[in-house]
Amino acid sequence: MKIHSRDEGAANKRPPDFEEAFCSLFDQQFASLFRYLQRLTGDADLAEDLAQEVFVRLYQRGSLPDDTRGWMGAVANNLLRDDKRTAKRRLRLLEKRRDMLDPADPSIAADEKVLAAEKRTAVREALEKLSERDRRMLLLRHEGYSYREIAHALGMNETSVGTLLLRATTAFQAAYGETGS
Amino acid sequence: MSAAEQGNLGHISDAEAATVVYAPGLDPELEARVLSHVASCADCGRRLEALRIADRSIGELLSSLDVPAPGTSAAALMRTARTPRRQIFVTSRRHAAAAVIAFMVVAAAAAAAIPASPLHRFVVRALSGEKGAAAAIRSRGSAVT
């Protein structure tokens, strides 16, 4: 993925407290961004790559945008769109250490696992039935994004976020009602 | 008539209900107006409550999709971000192009050195043709003088 020369120039003029602010933001937001992308794509590896790329770009930008979460959401959505378009996956940036849930965890009863898997499938299918915009809106909302941040991340008018979110909620309920019940 | 009284006349709109549920604190005046209306309108009260329940329920359903976040550190990302990836990419492309050109030159020289190769014959013909033409010019020159 390209690094814009504008960003390189900005990176040379990082304010002295930028790295501290970046680390703090990373601690607060990385898990949330990863969760959003993982829920959206259903692919934890892709979500991790994209979330890392967003933070790499933020660091290379050299300063924090005014609406940081909106900016990160917009960049993540653009990266995901590019990834879908090219159907390419970038190499892992870092060695991963993921403590995935052990499917053979003896503390979870077999029938509970089956029920949990069925629920996940139903939720995933309900999300798939939504339009791309509704899906993203709903997931951003449930990551605690404000109207303004959702509008920025999805490139829409802030005043229409509430009504569209209400429709997305209704659409999800209907879709889950079809698959989940 | 105050704004709150005017709001009490009609039921709450989708946008108003959404703002109260999805963006609490965004518009305190609107929130107060909606809550005042809901206190005297059972239909809107039920609608608002249903919206809150749906929001909570969707949140719980979505959380069933979650996996633990990867153990990436900010320091590791900053190290990655400092690597000038584009420069590395350009440099490696230049090296690859130079290697391809060098290989083609060596291959052409090797092919020209093999007597049975068409390239060798072409080179020999070209050189002998040049010699023949030079000799013809020389002999024409001597005949004139």
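Here is how names work: the chains are called A, B, and so on, in the same order as the sequence lines, proteins then strands, and each is numbered from 1. Side chains included, hydrogens not; waters and symmetry mates left out as well; all remaining heavy atoms used.
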(request) Check each atom of B/Ser13 against the heavy atoms of chain A and say whether the ones under 4.5 Å are side chain, backbone, both or neither. (result)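 Interface part for B/Ser13: neither.
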(message) If the contact rule is any heavy atom under 4.5 Å from chain B, which residues of residues 156-173 of chain A qualify, in numerical order?
(response)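 Against chain B, the residues of residues 156-173 of chain A that fall inside the cut-off (heavy atoms, under 4.5 Å) are A/Gly162, A/Thr163, A/Leu165, A/Leu166, A/Thr169, A/Phe172, A/Gln173.
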(message) Through direct or indirect side-chain contacts below 4.5 angstrom among Ile, Leu, Val, Met, Phe, Trp and Tyr, which residues connect to B/Val100?
(response)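 In the cluster with B/Val100 are B/Met104.
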(request) Specify which of B/Gly59, B/Ala74, B/Ala54, B/Ala18 makes the most heavy-atom pairs with chain A at under 4.5 Å. (result)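 Looking at each of B/Gly59, B/Ala74, B/Ala54, B/Ala18 in turn, B/Ala74 comes out on top.
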(request) Find the one option among B/Leu26, B/Val21, B/Leu62 whose heavy-atom pairs under 4.5 Å with chain A are most numerous. (result)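 The candidate making the most pairs under 4.5 Å is B/Leu62.
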(message) I'd like to know if A/Arg135 pairs up with A/Glu132 as an ion pair, taking the criterion as any Lys NZ or Arg NE/NH1/NH2 lying under 4.0 Å from an Asp or Glu carboxylate oxygen.
(response)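 Salt bridge flag = yes for A/Glu132 with A/Arg135.
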(request) Give a yes or no on whether a salt bridge exists between A/Arg69 and A/Glu143, defined as a side-chain N under 4.0 angstrom from a carboxylate O. (result)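 Result for this pair is no, no salt bridge flagged.
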Please classify the contact of [X] with chain B as side chain, backbone, both or neither, using a heavy-atom distance under 4.5 Å.
X: A/Ala116; value: neither
X: A/Leu127; value: side chain
X: A/Arg124; value: both

[X] versus [Y], closest heavy-atom pair with distance:
X: A/Ser146; Y: A/Glu149; result: N-OE1, 2.9 Å
X: B/Met78; Y: A/Phe22; result: CG-CE2, 3.6 Å
X: A/Ala153; Y: A/Leu140; result: CB-CD1, 3.9 Å

(request) Would you check if there is a donor-acceptor pair between the side chains of A/Ser63 and A/Arg61 at a distance under 3.5 Å? (result)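 Per modelled atom types, A/Arg61 and A/Ser63 side chains form a pair under 3.5 Å.
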(message) Using 30° and 60° as the class boundaries, would you call the ring planes of A/Phe55 and A/Phe30 parallel, tilted or perpendicular?
(response)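 Ring orientation of A/Phe55 relative to A/Phe30: tilted.
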(request) Measure up the A/Tyr59 and A/Phe18 rings against each other and bin them: parallel (under 30°), tilted (30 to 60°), perpendicular (over 60°). (result)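 The rings of A/Tyr59 and A/Phe18 sit tilted, inter-plane angle from 30° to 60°.
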(request) Flag the one option from A/Arg35, A/Lys119, A/Arg141, A/Gln38 with the top tally of heavy-atom pairs under 4.5 Å to chain B. (result)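 Heavy-atom pairs under 4.5 Å are most numerous for A/Arg141.
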